[in-house]
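Basis for what follows: all heavy atoms, side chains included, without hydrogens, waters or symmetry-related copies. Every value quoted in this text rests on a predicted model; they were computed, and no experiment measured them.
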Amino acid sequence: MSGLIQSVRGMNDVLPEETPLWQAVEGTLRGVLEAYGYREIRTPVVERTELFARSIGVVTDIVEKEMYTFTDRNGDSLSLRPEGTAGCVRACLEHGLLRGQSHRLWYAGPMFRHERPQKGRYRQFHQVGVEVFGIPGPDVDAELILMCARMWRELGLEGLRLEINTLGDAEARRRHRADLVAYLRAHEDALDADSRRRLETNPLRILDSKNPDMAAVLAGAPRLIDYLDGEARAHFEGFRALLDEAGVAYEVNPRLVRGLDYYNRTVFEWVTDRLGAQGTVCAGGRYDGLVEQLGGRPTPAVGFAVGLERVVALLEGRREAAAAERAPHAYLVAVGEGPERAALGLAEALRDAVPGLRLAANCGGGSFKAQLKRADRSGARVALLLGEEELAGGRLTVKWLREPDHAQRTVTREEAVALLRALVAGRGSPGAA
RNA sequence: GUGAGCGUAGCUCAGCUGGUAGAGCUCCGGACUGUGGAUCCGGCGGUCGUGGGUUCGAGUCCCAUCGCUCACCCCA
């Protein structure tokens, strides 16, 4: 055990016990995205490092110290993507998708950040993300919120809280940031070490400090909301009105800030208090300036990303149920030389005759007892027994593994096919066997 | 990057003040020549994370190192 090679720190295996829950989550999210007319885009996991530096921001933690960056054989600096938006914008620009038309897109896949792992935070993690290009109004912002709400509903995820805020436009943010830094510098002796460091890196975060000693100073700090111009203000009011109209509950959190530089105007987060320190399950906002910043024409854009590890963690209680939904319908037991030789062919014939059938055929021999044990553990609803007697008579014995009140019966292959069809259709009437 | 807690069988863990490693679950087999999930019996399975030190003797004490977990930071 000590000599074995282990997985890379912070990069986890998802074992077969767990994959059914992941598949259920992914399937549900995909269904919702399609219900809103969003189309999937797939982009590489590796991009030029410069793409992330120019989009996320050079001085952010992500770019400064969390990227997996390496030099390609030809000398280019490449990085594993730490988030999905930059690559998506790059792909759209590269293929001319942003000329005039609007696009509603989604993607899913692994992201990489070299952080210290902890609950809900991993070095390889998975996101489902959405990006909308070319629609400036608050109606899409609201649509994204409604889409999220539907995702939670269909997943059966309860207790998520929606927090929203507006960051205004670039100009307002610049003025506010300058005033804020000046104000905080004037009170620098009242700041703790962390906050002094953040004066350089992320001054907005200082407002979010949990240190009670700084509360008085922070209360007097310039507020971003006072810097908003009329248009940004109207956008936010419009967004809120649409949420109210739709009956979505939310909370305005003026201290809600996004870590990535490119956000402006609407930002939002869906949070839970059931995941320890990493309570954000989904976050997003508007980034109207990013496309231009990456060399395209000015193009309004909004998006969000869902952290799949966090969603799966919240749904952990449904692991068994999800696994049961994907278990085989039937397990084919074959004992004896003749039956064992005939089993694979019979299994093929049954799969041909019953579309959608999930049939596990026993391999590796074993006694009746051993094979039934495997059948039981496979989660199958019925065991199909093929022994010398059945083989000689062209029949199969159907044994119900989950319904103790249904006796096993030996039937013709045609009857077995009919029964399996009913099982697959979900109207399995076990008594009919 | 900083701090704290924890590393004993595939999994969950016991092992008191140092005396030469155990249980439950899983898996395989038997009781039951073609019948699983219950019960009983048996079997497989361990360089006690790794390296060094103290000692007649270290799973136990000391040091280092690696790993895991949680928190800070940051964020999905």
Side-chain angles (χ1 to χ4, degrees), chain A residues 1-10 12 15 17 56 60-66 81-85 108-130 148 192-195 197-198 201-202 205 208-211 256-260 268-272 275-284 303-314 331 333-336 339 362 364 366-391 397-404 407-408 410:
Chain A
M1 168 170 165
S2 51
L4 294 180
I5 295 172
Q6 291 178 282
S7 70
V8 174
R9 184 165 161 82
N12 303 121
L15 301 178
E17 266 188 335
I56 297 167
T60 56
D61 276 12
I62 292 178
V63 168
E64 266 186 344
K65 47 194 189 200
E66 294 177 1
R81 61 182 183 195
E83 55 96 45
T85 300
M111 308 294 163
F112 303 84
R113 292 183 200 170
H114 192 109
E115 300 181 271
R116 191 86 168 244
Q118 76 185 69
K119 191 182 180 71
R121 190 177 78 180
Y122 309 100
R123 289 185 174 179
Q124 173 174 333
F125 59 102
H126 298 79
Q127 292 185 332
V128 167
V130 165
C148 289
D192 57 28
D194 248 1
S195 298
R197 179 179 55 78
R198 284 189 281 212
T201 58
N202 200 349
R205 279 269 174 212
D208 209 9
S209 169
K210 293 151 196 157
N211 188 342
L256 180 61
V257 173
R258 308 273 55 243
L260 286 48
F268 60 88
E269 269 184 26
W270 293 87
V271 298
T272 174
L275 283 181
Q278 309 297 329
T280 304
V281 162
C282 168
F304 67 82
V306 179
L308 291 186
E309 279 80 2
R310 295 180 185 177
V311 169
V312 168
L314 288 172
Y331 187 100
V333 169
V335 177
N362 187 76
S367 64
F368 254 95
K369 185 187 179 71
Q371 292 195 34
L372 273 171
K373 205 165 186 172
R374 291 178 204 147
D376 185 43
R377 274 200 318 266
S378 77
R381 190 108 174 265
V382 303
L384 303 175
L385 312 188
L386 182 68
E388 300 289 2
E389 291 168 25
E390 286 86 352
L391 184 64
T397 297
V398 177
K399 178 180 174 68
W400 294 88
L401 298 173
R402 320 274 155 218
E403 279 88 359
Q408 77 178 41
T410 300

Participant: Mind checking whether A:Pro117 and A:Arg9 have side chains closer than 4.5 Å, heavy atoms only?
Facilitator: yes
Participant: Is there a donor and acceptor pair, one atom on the side chain of A:Asp376 and one on the base of B:G36, closer than 3.5 Å?
Facilitator: yes
Participant: Who pairs with A:Arg205 by salt bridge (charged side-chain N to carboxylate O under 4.0 Å, His left out), at least two apart in sequence or on another chain?
Facilitator: A:Asp208
Participant: To the nearest Å, give me how far apart CZ (A:Phe368) and C1' (B:U35) are.
Facilitator: 7 Å
Participant: Rounded to whole Å, please give me the gap between CG in A:Asp61 and C1' in B:U2.
Facilitator: 14 Å
Participant: Strictly under 4.0 angstrom, non-hydrogen atoms only: write out the protein contact profile of nucleotides 39-46 of chain B, one letter per nucleotide from the 5' end, B, S or -.
Facilitator: --------
Participant: If the C1' atom of B:A21 is compared with that of B:U47, how far apart are they to the nearest Å?
Facilitator: 14 Å
Participant: Output all residues satisfying side-chain contact (heavy atoms from CB on, under 4.5 Å) with A:Phe112, sequence neighbours left out; order by chain, then residue number.
Facilitator: A:Met11, A:Val45, A:Tyr68, A:Leu80, A:Pro110, A:Gln124
Participant: Which atom names give the shortest non-hydrogen contact between A:Leu275 and A:Val281, and what distance separates them?
Facilitator: CD1-CG2, 4.3 Å
Participant: Please state the P separation for the pair B:C48 and B:C61 - nearest whole angstrom.
Facilitator: 16 Å
Participant: Between B:U35 atom C1' and A:Leu384 atom CG, what is the distance in whole Å?
Facilitator: 14 Å
Participant: What pairs with A:Lys373 under salt bridge (charged side-chain N to carboxylate O under 4.0 Å, His left out), at least two apart in sequence or on another chain?
Facilitator: none
Participant: Which residues satisfy the salt bridge (charged side-chain N to carboxylate O under 4.0 Å, His left out) test with A:Glu269, sequence neighbours excluded?
Facilitator: A:Arg258
Participant: May I ask you to test the A:Val382-A:Leu401 pair for a side-chain heavy-atom distance under 4.5 Å?
Facilitator: no
Participant: For nucleotides B:A64 and B:G7, find the distance between their C1' atoms and express it as a whole number of Å.
Facilitator: 16 Å
Participant: Please enumerate all residues that pass side-chain contact (heavy atoms from CB on, under 4.5 Å) together with A:Asp192, with sequence neighbours excluded.
Facilitator: A:Asp194, A:Ser195, A:Ser209, A:Asn211, A:Met214
Participant: Assuming nearest nucleotide by heavy-atom distance, tell me which of A:Arg198 and A:Glu390 is located more 5' along RNA chain B.
Facilitator: A:Glu390
Participant: How far apart are the C-alpha atoms of A:Thr272 and A:Thr280, what are their side-chain angles, what is the distance that settles it, and do they pass the side-chain contact (heavy atoms from CB on, under 4.5 Å) test?
Facilitator: CA-CA 7 Å; A:Thr272 174; A:Thr280 304; over 6 Å; no
Participant: Which value, in whole Å, describes the distance between the C1' atoms of nucleotides B:U54 and B:C62?
Facilitator: 7 Å
Participant: With sequence neighbours excluded, what pairs up with A:Arg402 under the salt bridge (charged side-chain N to carboxylate O under 4.0 Å, His left out) test?
Facilitator: A:Asp376
Participant: Runs of at least three consecutive Watson-Crick or G-U pairs, both distances under 3.5 Å, are what I'm after; which ones involve RNA chain B?
Facilitator: B:1-7 with B:66-72, B:10-13 with B:22-25, B:27-31 with B:39-43, B:49-53 with B:61-65
Participant: Contact class for A:Ala283 (heavy atom, under 4.0 Å): base, sugar-phosphate, or nothing?
Facilitator: sugar-phosphate
Participant: With sugar-phosphate meaning primed atoms plus P, OP1 and OP2, does A:Leu385 contact a base, only sugar-phosphate, or nothing at under 4.0 Å between heavy atoms?
Facilitator: base
Participant: Using the C1' atom in both, what is the distance from B:C13 to B:G51, to the nearest Å?
Facilitator: 27 Å
Participant: Test of understanding: with side-chain hydrogen bond (donor to acceptor under 3.5 Å, both in side chains), list the residues that count as partners of A:Glu390, not counting sequence neighbours.
Facilitator: A:Thr397
Participant: Rounded to the Å, how far apart are A:Glu83 CD and B:A76 C1'?
Facilitator: 11 Å
Participant: Is there any protein nitrogen or oxygen under 3.5 Å from a nitrogen or oxygen in nucleotides 24-33 of chain B, and what are the pairs?
Facilitator:
unit_1	atom_1	unit_2	atom_2	d
B:C27	OP1	A:Arg377	NH1	3.1

Participant: Would you mind classifying the nucleic acid contact of A:Val281 as base, sugar-phosphate or nothing, using non-hydrogen atoms under 4.0 angstrom?
Facilitator: sugar-phosphate
Participant: By nearest nucleotide on RNA chain B, pick out whichever of A:Pro404 and A:His114 is the more 5' one.
Facilitator: A:His114
Participant: Report the distance from atom CG of A:Asn362 to atom P of B:G36, rounded to the nearest whole Å.
Facilitator: 15 Å
Participant: Once you round it to whole Å, what is the distance between P of B:A76 and CD of A:Glu309?
Facilitator: 13 Å
Participant: In whole angstroms, how far is the P atom of B:C72 from the NZ atom of A:Lys65?
Facilitator: 15 Å
Participant: Show me the protein contacts with nucleotides 65-71 of chain B, counting only N or O atoms at under 3.5 Å.
Facilitator:
unit_1	atom_1	unit_2	atom_2	d
B:C68	OP2	A:Arg9	NH1	2.3
B:C70	OP2	A:Lys119	N	2.9
B:A71	OP1	A:Ala277	N	3.1
B:A71	OP2	A:Gln118	NE2	3.0

Participant: Examine the side chains of A:Tyr122 and A:Asn12 and answer whether a donor and an acceptor come within less than 3.5 Å of each other.
Facilitator: no
Participant: Roughly how far apart, to the nearest Å, are B:U55 and B:G15 at atom P?
Facilitator: 28 Å
Participant: Is a donor-acceptor contact shorter than 3.5 angstrom present between the side chain of A:Gln371 and the base of B:U35?
Facilitator: no
Participant: Under 4.0 Å between a side-chain nitrogen and a carboxylate oxygen: does that hold for A:Glu83 and A:Arg113?
Facilitator: no
Participant: For A:Glu66, report the nucleic acid contact type (base, sugar-phosphate, nothing); a contact means any heavy atom under 4.0 Å.
Facilitator: sugar-phosphate
Participant: Please report the distance separating the C1' of B:U20 from the corresponding atom of B:A31, rounded so that it comes out in whole Å.
Facilitator: 37 Å
Participant: Base, sugar-phosphate, or nothing for A:Glu389, non-hydrogen atoms under 4.0 angstrom?
Facilitator: base
Participant: Are the side chains of A:Val335 and A:Gln371 in touch, meaning some heavy atoms are under 4.5 Å apart?
Facilitator: yes
Participant: What is the separation between atom CD on A:Glu403 and atom C1' on B:U35, rounded to the nearest whole Å?
Facilitator: 17 Å
Participant: Provide the distance between the two C1' atoms, one in B:C73 and one in B:G45, to the nearest whole Å.
Facilitator: 43 Å
Participant: List for me each residue that meets side-chain contact (heavy atoms from CB on, under 4.5 Å) alongside A:Gln278, sequence neighbours excluded, and say none if there are none.
Facilitator: A:Gln118, A:Arg121, A:Arg310
